[in-house]
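Since we're looking at a predicted model, the values are computed, not measured. Just follow the structure's listing: the first ligand is 1, and inside any ligand the first atom is 1.
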Amino acid sequence: MQDIKNKILSGKRLTKEEAIGLFESDDIFTLGKLASHAAKKKNGNKAYFIRNIHINPTNICVNRCKFCAFSRSKGEEGAYEMTIDEIIEKLKEGQGSMVNGRGRNSSHYASRITHNGFSEVHIVGGLHPDWPFEYYLEMLSSIKKHFPKLQIKAFTATEIEYMSRISGKSVFDTLTALRKHSLDTMPGGGAEIFDVGVRNQLCPEKLSSEGWLNVMETAHKAGIKTNATMLYGHVESYAQRVDHLMRLRELQDRTGGFQAFIPLAYHPKNTEIGGSYSSGIDDLKTIAVSRLVLDNFAHIKAYWIMLGEKLSQLALLFGADDIDGTIIEEKITHSAGALSGNAMTAEQLRNLIKKAGKVPVERDSFYRAVC
Ligand code: V47
């Protein structure tokens, strides 16, 4: 630990072996301090949150990843698909309640959210067997037409590659078309774990690791900022987590297009692989090691939906500088047994950050402060 400490304090890069050593160490207080030091160098005492809303247009998916409790096959009980009008209506309900404190037909949201509206909508969903590419383009244009100031963070690399296949366009042309129709940024989902053996065990039908990295590289070349994730706490080893981080660090060295990294804690309920929840210690270690390895990422997000409200607060002392947002309604983690709530108000997020001794900064999709 002393050698690694000296290395980090002198600003040197961690090797794969050193990062595995950090995961294996029981000295989580030293690890936390080092990660906190690295986070302060990047973001001072600031911790970010955002007024956002999640929309999952469909849970119908041609892939059936074994860790996913959200997806359904077409015709299966519980399968759903939203029309564009329904998406707009859902945004209006949420937005109205943010602005007025009482959204139209929305006492449900109004009791929880009061303020000036969302900065961002986060859209991800299943790979629908019948929707044409034009449906996604129309979805984006229609959202922007109704909510010109709303930033759209949409579609994982997996969805983008699927759209490229159904449209017959290259990945670059697919992304360019989406951008023209108002896509602002992309979330980091679908990365799971890059190790081919584990990936084949978890999600054999899914876009390969190389495919995921290629879509992200292409997005960055097309001028689209993205996030990156890692699903951990299922069957993978520490070495496989570190391999995942190293591949992201390598791509970020080349493109600089990633904004935030989000470790996603595996939730086991209603999934094919089952298993158990990650421990709090493992969650904090993963945040801290990510902060230390990904020295070229500006932000590490402790996604409160997956970590829980209190642990995400603690993660701010272990290298995280972002806890995500108001969310409103979360389906993916809640299908798999999330122990957190569904929504938080901006005030709750602000307080959570303040009580960790950090300075809350409300941000937009590009990490610009919202006043
Ligand atoms: O890609 C699916 C994961 C992801 C489970 O970029 C699961 O700002 C845990 O990517 N247990 C979607 N995780 C969510 C995601 C995300 C969330 C918040 C912010 C951002 C961002 C991105 O959820 C999927 C998959 O990796 N997931 N099932 C599960 N049982």
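Residue contacts with ligand 1 include Ile262, since one or more of its heavy atoms lies under 4.0 Å from the ligand. In this structure, Lys269 does not count as a contact residue of ligand 1, since none of its heavy atoms falls inside 4.0 Å of the ligand. Residue contact annotation: Thr333 has no non-hydrogen atom under 4.0 Å from ligand 1. Using a non-hydrogen distance threshold of 4.0 Å, Lys301 registers as a contact of ligand 1.
Remark: Arg64 engages Ser71, Ser73, Glu76 in a side chain to side chain donor-acceptor pair (under 3.5 Å) (not counting sequence neighbours).
Using a 4.5 Å heavy-atom threshold, the side chains of Pro132 and Tyr135 count as touching.
Taking distance alone, with nitrogen or oxygen atoms compared against 3.5 Å, His267 approaches ligand 1 more closely than that limit. Inclusion of Asn227 in the set of residues having an N or O under 3.5 Å from an N or O of ligand 1 is warranted. Any N or O atom pair closer than 3.5 Å counts here, and Glu192 shares at least one such pair with ligand 1.
Here the shortest heavy-atom distance to atom 9 (C) of ligand 1, taken over Ala265, Gly189, Ala336, belongs to Ala265. Here atom 6 (O) of ligand 1 lies nearest to Gly188 when heavy atoms of Gly188, Cys68, Ala69 are compared. Of the listed residues (Leu231, Leu264, Ile193), the one carrying the non-hydrogen atom nearest atom 13 (N) of ligand 1 is Leu231. Nearest-heavy-atom check against atom 8 (O) of ligand 1 across Lys331, Lys153, His334, His122 picks out Lys153.
The NE2 atom of His37 sits 10.0 Å away from the NZ atom of Lys40 when rounded to the nearest 0.5 Å.
Proximity of Phe67 to ligand 1, defined as any heavy-atom pair under 4.0 Å, is shared by backbone and side chain alike.
The closest donor-acceptor contact from the side chain of Trp304 to the backbone of Gly325 lies under 3.5 Å.
Close approach of ligand 1 to Met306 is summarised as follows: ligand atoms under 4.0 Å from at least one heavy atom of the residue are 9 (C), 13 (N), 23 (O). Below 4.0 Å from some heavy atom of Pro187 lie the following atoms of ligand 1, by number and element: 6 (O). Taking a cut-off of under 4.0 Å to the non-hydrogen atoms of Gly190, the atoms of ligand 1 that pass are 1 (O).
Enclosure of atom NZ in Lys331 by more than 12 non-hydrogen atoms of other residues, nucleotides or ligands within 6.0 angstrom is indicated.
Residues Lys90 and Glu93 are not paired through a salt bridge, judged by the lack of any N-O separation under 4.0 Å between the basic side chain and the carboxylate. Taking 4.0 Å as the cut-off between side-chain N and carboxylate O, Arg247 and Glu210 count as a salt-bridged pair. Classification of Asp253 and Arg13 as a salt-bridged pair holds, one side-chain N sitting under 4.0 Å from a carboxylate O.
Atom 17 (C) of ligand 1 has its closest protein heavy atom at Tyr303 CE2, 3.6 Å. Annotation: atom 12 (C) of ligand 1 to nearest protein heavy atom, Ile332 CD1, 4.0 Å.
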Could you please spell out the steps behind the side chain to side chain contact (heavy atoms under 4.5 Å, CB included) verdict for Phe258 and Leu294? CA-CA 11 Å; Phe258 289 118; Leu294 297 176; over 6 Å; no
List the steps, then state whether side chain to side chain contact (heavy atoms under 4.5 Å, CB included) holds for Lys5 with Lys33. CA-CA 10 Å; Lys5 189 173 170 181; Lys33 270 195 188 151; over 6 Å; no
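Taking Ile, Leu, Val, Met, Phe, Trp and Tyr as hydrophobic and joining them when side-chain heavy atoms fall under 4.5 Å apart, one finds Val361 in a cluster with Tyr48, Tyr367.
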